[in-house]
Amino acid sequence: MYRGREGQWAFLLHRLSGLAILAYLMLHVFSIGSFVFGERFYMAIHETYDLWPFRIGLIFVTAGVVYHAFNGLRIIVMDFTGAGVAYQRQMWYAVLLISAAAFVYAALTLWPRLVGGY
Amino acid sequence: MHHRYDVLVVGAGGAGLMAALYAAKGNVSVACISKLYPTRSHTGAAQGGIGAALGNVAEDHWEWHMFDTVKGGDYLTDQDAAEVFAKDIIEAVYELEHMGLPFSRTPEGKIAQRKFGGHTRDFGKAAVERSCYAKDRTGHMILQTLYQQNVKEGTTFFNEFHVTDLIIEDGRCRGLVAYELATGELHTFHAKAVILAAGGYGRIFKITSNALTLTGDLMSIYYRKGLPLEDMEFYQFHPTGLAKLGILVTEGIRGEGGILRNKDGERFMERYAPTIKDLAPRDIVSRSMITEIREGRGVGRDGDAIYIDLTHLPKEVIEGKLAEITDLARTYLGQDPVKDLVMVQPTAHYAMGGIPTDLNGLCLSDGSGGSVEGLYAAGEQACVSLHGANRLGTNSLGDLVVFGRRAGIAAAAYARQVELPIMPDNPERDSVDMFDRLKNSKGTDNAAAIRKALQESMMNNVGIFRNGPDMEKQVDIVQELKARYANVGVSDPGRRYNSELVEAMELGFMLDCAEAMTTSALNRTESRGAHDRADYHDRDDANWLKHTMAYRDLDKPGNVIIGYKPVSLKGFTRAFEPKPRVY
Amino acid sequence: MIRARTFTDARQQSHSNAELNWWVFMRISGLILVFLVLGHVYMTFIQVSEADATFDAVVGKLANPAWKFYDWLILTLSLLHGANGARYSIEDYVRSRPTRAWVKGLFYTVVALLFAFGTIGLFSI
Amino acid sequence: MTQTVSPSTTPGPVTTQPGLTMLKLKVKIKRFDPDVDKKAHWVTYDVEAQPGDRVVDVINEIKWYQEPGLTFRRSCLHGICGSDAMLINGRNRLACKTLVRDVAKDGGTITVEPIRGLKVEKDLLVDMEPFFDSYRAIMPYFINESPAPAAERIQSEAEADLMAHSSNCILCACCTTSCPIFWVNGSYLGPASIVQAHRFIFDSRDEATQQRLNIMNQNTGVWRCRTAYNCTEACPRDIPITQLIEEVKRAVMYQQA
Ligand SMILES: Cc1cc2nc3c(=O)[nH]c(=O)nc-3n(C[C@H](O)[C@H](O)[C@H](O)COP(=O)(O)OP(=O)(O)OC[C@H]3O[C@@H](n4cnc5c(N)ncnc54)[C@H](O)[C@@H]3O)c2cc1C
Ligand code: HEM
Ligand code: SF4
Ligand code: F3S
Ligand code: FES
């Protein structure tokens with residue numbers, strides 16, 4: 001693995017999170033949209049979401065969305081201001097902090113449902 | 001493989017690229033052959049600047065520049081060359097600017113100029129701002145700009161091709177042979193005219209500011225043909241290079257108040273030059289440094305360096321005015337001039353001598369007007385004798401552009417007039433022999449060990465301070481090393497990128513340059529410019545105001561025949577009488 | 001041996017502003033999406049769970065035209081934004097031309113179908 | 001020459017001689033000769049080196065006295081020619097600008113690999129042609145077809161300063177071959193070419209800005225950059241590459257708007 005620094009990992013995470021949310025979004029559109037096929041079909045799909053990999057995945061997707069959103073803002077700041085480039089490292093740590101907070105918050109909120117089921 | 005071009009240029013440093021550019025403008029087909037990618041050439045290492053009497057900062061005239069050059073060369077400089085140079089360089093610098101070279105600027109937006117050693121106004125009255133610079137990266141900018149212009153012109157480059165032989169028959173150059181590093185194949189290049197610009201050979205010395213690849217290849221090839229090398233005894237040493245590395249440390253470091261110290265921490269210059277101490281002239285400082293080292297007061301692992309102490313200077317001076325050196329010292333020695341002592345050593349820097357040429361770069365075959373038809377040379381490897389016995393700072397970059405350009409124009413003009421000469425049968429024969437000898441050698445001697453022995457002995461015996469006995473000893477050492485060289489083995493049998501083979505070949509070239517240099521130096525029984533002999537301490541104009549021409553004796557291996565060439569003591573419009581050289 | 005590329009060679013390179021426009025679009029859509037998506041995530045997922053997204057709840061919420069528009073904007077922007085982002089990745093990682101054409105074609109079709117599906121769904125309520 | 005030794009001379013600070021410590025090191029080099037090997041393999045060499053030695057010195061030592069067949073490029077040995085970009089301990093660097101003490105301790109290991117994204121020709125030596133092809137693709141030469149004045153073209157100090165960073169590039173390829181996009185997508189022109197383009201785009205005397213911006217505006221141009229900063233970290237000339245790339249992006253954007 002190339003020993004890149006903050007920027008490399010920021011990019012990698014941004015790409016992974018972007019692709020992950022895209023995958024989730026596509027599923028989401030399909031599942032929510034599936035009500036057009038009637039209630040039974042809709043609920044059948046939603047039962048699969050009950051499986052634990054999906055529930056844990058959900059926490060990560062939440063954190064991913066937050067990371068992607070805030071890192072996206074970091075990128076925009078870098079693209080349009082010189083200072084953004086100068087402070088990209090600090091901004092990335094801020095993004096990580098916010099994402100971690102979102103992760104913890106999402107995990108805490110979802111925990112009861114995770115262990116208890118619905 | 002066989003190639004045909006009107007003009008071939010060997011080397012892609014400042015001189016080669018300039019020649020290629022101007023040859024291409026002369027409406028002939030041009031190819032440039034270089035053992036390095038063009039932008040890797042050592043011209044890129046030059047920092048200080050390029051001298052031209054533009055007068056952007058202070059009044060200046062080409063006559064003043066010409067005078068300084070002649071005097072700097074200790075009157076061994078050919079004055080016609082100096083005059084052509086001092087005039088042409090002005091236009092050449094403007095041309096570089098028109099090619100986009102990013103010079104530093106004056107507040108009015110003109111090319112910025114600064115002072116440099118030996119450059120004066122009014123024939124030696126006071127220092128003048130003559131060096132045109134681009135920060136402290138002038139050479140880098142020249143190299144990049146010239147390469148860029150060649151890309152624009154669509155010059156054909158053969159990169160990582162090592163020229164191994166010139167085809168010269170009946171006094172006419174017909175082309176050359178080159179070894180392609182990637183495939184191990186030999187290529188024959190057939191041409192109407194060939195321009196040599198392959199740079200210096202500083203690597204024959206242990207401590208040098210020169211690149212590993214500066215091994216004097218083309219000088220040696222020329223010399224192997226029984227053709228002369230001019231003024232090989234004149235080799236410039238700079239007193240302060242970073243220890244072991246030889247990377248240049250500007251004189252300004254002492255100008256700002258730096259102090260040289262030996263291993264006991266003693267300011268030894270107080271002993272050698274009680275009044276001006278560390279600011280004594282270069283030769284005195286260097287001699288004192290070497291004396292300290294020889295008497296066991298050197299520093300470093302091998303006790304062969306001296307400390308330069310800046311710790312008493314304000315941090316702003318060190319990090320401001322001496323920023324470049326500070327960075328180099330920090331990077332390479334891990335010694336921060338702000339709080340540490342920095343280790344320095346005299347470093348081999350620049351070859352004044354080389355392949356003799358006339359003012360258009362045409363290669364000379366003797367000291368009396370003979371020449372090799374169709375063969376031109378320029379740059380550090382050539383000797384128009386602009387630099388005489390000692391080169392002034394900033395005059396080498398000028399040499400590259402002025403005489404590189406002249407050689408390019410002359411070669412193209414010549415090529416337009418003539419037919420492609422006839423190529424002899426089997427032109428690759430000598431090169432094949434050379435490689436076969438190296439590859440099939442059952443010998444066990446190690447090329448690196450021989451090279452190291454050469455570099456150390458040259459440094460000790462034909463270095464800054466010379467005397468008869470040492471040089472006589474060195475003549476023998478070089479012959480011994482040549483005998484050992486015949487016994488060198490190459491372990492890598494491969495054809496692809498065989499750098500071991502190439503290094504072994506380069507060692508052969510270096511040994512030839514060393515041979516010519518040592519014999520020429522031993523022969524010149526005077527001290528002049530960079531040639532400083534303990535046994536003949538004075539300049540001797542009566543006997544020695546002449547150029548040395550060293551020829552290999554083709555009948556008697558190991559023997560060098562010395563001839564001479566008169567110094568041209570008159571320019572076209574100006575002439576300066578030899579006088580004692582005092583500043 | 002290299003033959004240097006010349007001025008004319010370089011000038012002949014074709015050019016369009018497509019990449020620039022997509023680049024700008026990624027930034028603008030991103031800015032808008034921050035509000036839309038974070039709002040959406042917060043409202044529909046942190047406050048109520050996926051399991052709460054029952055048939056009735058979804059249908060009920062989407063009956064409101066404002067929510068309809070809000071969700072459709074998310075759908076459009078994020079699909080476009082995501083699809084273009086995925087295109088970057090495809091162009092980076094899928095190096096063989098034919099395969100790349102295939103992958104892209106398939107991917108765009110799926111995205112288009114999903115977009116149609118989502119839109120029809122939204123407005124059929 | 002006076003030979004009186006004056007005892008009054010004040011001794012300066014006495015420093016330890018760093019030259020005397022020798023480190024025992026292992027140097028792990030990724031070797032590959034396509035004529036002989038099916039795939040690259042690691043070979044470890046034992047060497048002794050001083051902390052202040054350059055990595056290139058160590059590799060030369062191995063070549064000269066242990067493994068003459070070892071192949072790599074080098075020339076100037078002080079970071080100006082750009083020959084010896086290598087992947088040293090996981091990062092792109094010039095072997096001649098990297099000191100042993102910065103990458104290894106006594107008994108430690110230095111790993112050396114060829115730079116990525118370019119075809120390995122032998123050991124640490126890669127095919128540089130694609131790199132120079134992208135360089136040539138950006139029209140890396142000054143263009144001003146209007147008649148030149150007798151003397152220099154006038155340019156203010158501030159205008160000249162705009163080129164201060166980009167004109168410092170030595171084409172070593174440390175940046176381009178550290179870029180995660182370039183590793184997977186060789187058609188990306190890469191940071192080095194963009195730095196070169198920047199050199200001319202921001203030259204007040206140059207007249208071909210529009211053409212260069214057009215080249216930068218392509219799919220293979222500046223938009224491929226995902227601001228990963230590996231290039232900036234790797235540049236041995238301390239060029240703020242990402243910043244320059246962002247300036248070019250903005251220049252393209254504002255020029256087309
Ligand atoms: C550290 C340093 C600082 C300097 N500073 C200054 C300064 O401030 N001002 C100044 O005026 N001068 C300066 N000089 C001197 C000046 O830079 C050099 O003398 C000059 O650059 C030499 O240029 P060149 O074109 O002759 O050779 P180089 O630039 O050395 O190029 C040699 C070319 O020949 C090729 N070549 C060599 N052998 C072969 C072969 N067998 N086959 C094919 N190709 C071959 C190489 O690939 C290379 O392209 C400095 C020198 C050094 C070392
Ligand atoms: C929430 C607010 C969002 C912001 C601020 C945002 C911002 C950005 C930005 C600025 C980029 C360009 C990155 C670059 O050029 O280097 C980008 C890329 C991308 N985005 Fe978003 N985005 C957001 C939401 C989304 C969503 C919802 C998705 C999924 C559907 C998504 C998927 C992607 C993908 C796949 C990429 C490409 C990543 C890459 O190639 O490196 N983004 N995003
Ligand atoms: S920008 Fe820096 S890293 Fe890239 S090629 Fe130029 S000098 Fe090397
Ligand atoms: S590493 Fe590559 S992605 Fe951009 S910032 Fe540098 S070019
Ligand atoms: S050898 Fe020249 S840059 Fe390292």
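Numbers restart at 1 for each chain; the letters A, B, ... are given by sequence-line order, proteins then strands. Keep in mind that the numbers below use all heavy atoms, side chains included, and drop hydrogens, waters and symmetry copies.
Contact tally against chain D (heavy-atom pairs below 4.5 Å) for B:His312, B:Glu91, B:Met99: the top residue is B:Met99. Taking chain D as the reference chain and counting heavy-atom pairs below 4.5 Å, the highest number among B:Val93, B:Val490, B:Thr106 is found for B:Thr106. The choice from D:Asn168, D:Asp35, D:Asp127, D:Leu77 that makes the most heavy-atom pairs within less than 4.5 Å of chain B is D:Asn168. Per-residue counts of heavy-atom pairs under 4.5 Å with chain D were compared for B:Lys244, B:Arg495, B:Lys452, B:Met141; the largest is that of B:Met141. Chain D forms the most heavy-atom pairs under 4.5 Å with one residue out of B:His140, B:Lys110, B:His42, B:Arg496, and that residue is B:Arg496. Each of B:Gly139, B:Gly334, B:Pro102, B:Ser491 has some count of heavy-atom pairs under 4.5 Å with chain D, and the biggest count is that of B:Pro102. Chain D forms the most heavy-atom pairs under 4.5 Å with one residue out of B:Leu101, B:Leu501, B:Leu54, B:Leu214, and that residue is B:Leu101.
Interface remark: D:Leu171 contributes backbone and side-chain atoms alike to the contact with chain B (heavy atom separation under 4.5 Å). Neither the backbone nor the side chain of D:Asp102 comes within less than 4.5 Å of any heavy atom of chain B. Only the backbone of D:Ser156 comes within contact range of chain B, with heavy atoms under 4.5 Å apart. In this structure, chain B has a heavy atom under 4.5 Å from the side chain of D:Asp33, while its backbone stays farther away. If you measure heavy-atom distances from D:Ala164 to chain B, the contacts under 4.5 Å come from both the backbone and the side chain. If you measure heavy-atom distances from D:Ile154 to chain B, the contacts under 4.5 Å come from both the backbone and the side chain. Only the side chain of D:Ala160 comes within contact range of chain B, with at least one heavy atom under 4.5 Å from a heavy atom of that chain. If you measure heavy-atom distances from D:Arg74 to chain B, the contacts under 4.5 Å come from both the backbone and the side chain.
Ring centroid separation for the pair B:Tyr147 and B:Phe157 comes in under the 6.0 Å cut-off.
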D:Ser75 vs D:Ser83, test: side-chain hydrogen bond (donor to acceptor under 3.5 Å, both in side chains). Steps then yes/no. CA-CA 6 Å; D:Ser75 180; D:Ser83 299; 5.2 Å; no

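Judged as a salt bridge (charged side-chain N to carboxylate O under 4.0 Å, His left out), and not counting sequence neighbours, D:Asp53 has no contacts.
Side-chain contact annotation: B:Lys135 with D:Ser167, donor-acceptor N/O pair under 3.5 Å absent.
Taking each heavy atom of D:Leu70 and D:Lys63 in turn, the nearest pair found is O-NZ, 2.9 Å. Across D:Cys76 and D:Ile80, no two heavy atoms sit closer than the pair SG-N, 3.2 Å.
Judged as a salt bridge (Lys or Arg N to Asp or Glu O under 4.0 Å), not a single pair has a partner in residues 148-159 of chain D (not counting sequence neighbours).
Atom CD1 of D:Ile201 is separated from atom OG of D:Ser166 by 9.5 Å, given to the nearest 0.5 angstrom.
Of the residues B:Arg267, B:Glu292, B:Glu295, the one that meets the side-chain hydrogen bond (donor to acceptor under 3.5 Å, both in side chains) test with B:Asn262 is B:Glu292.
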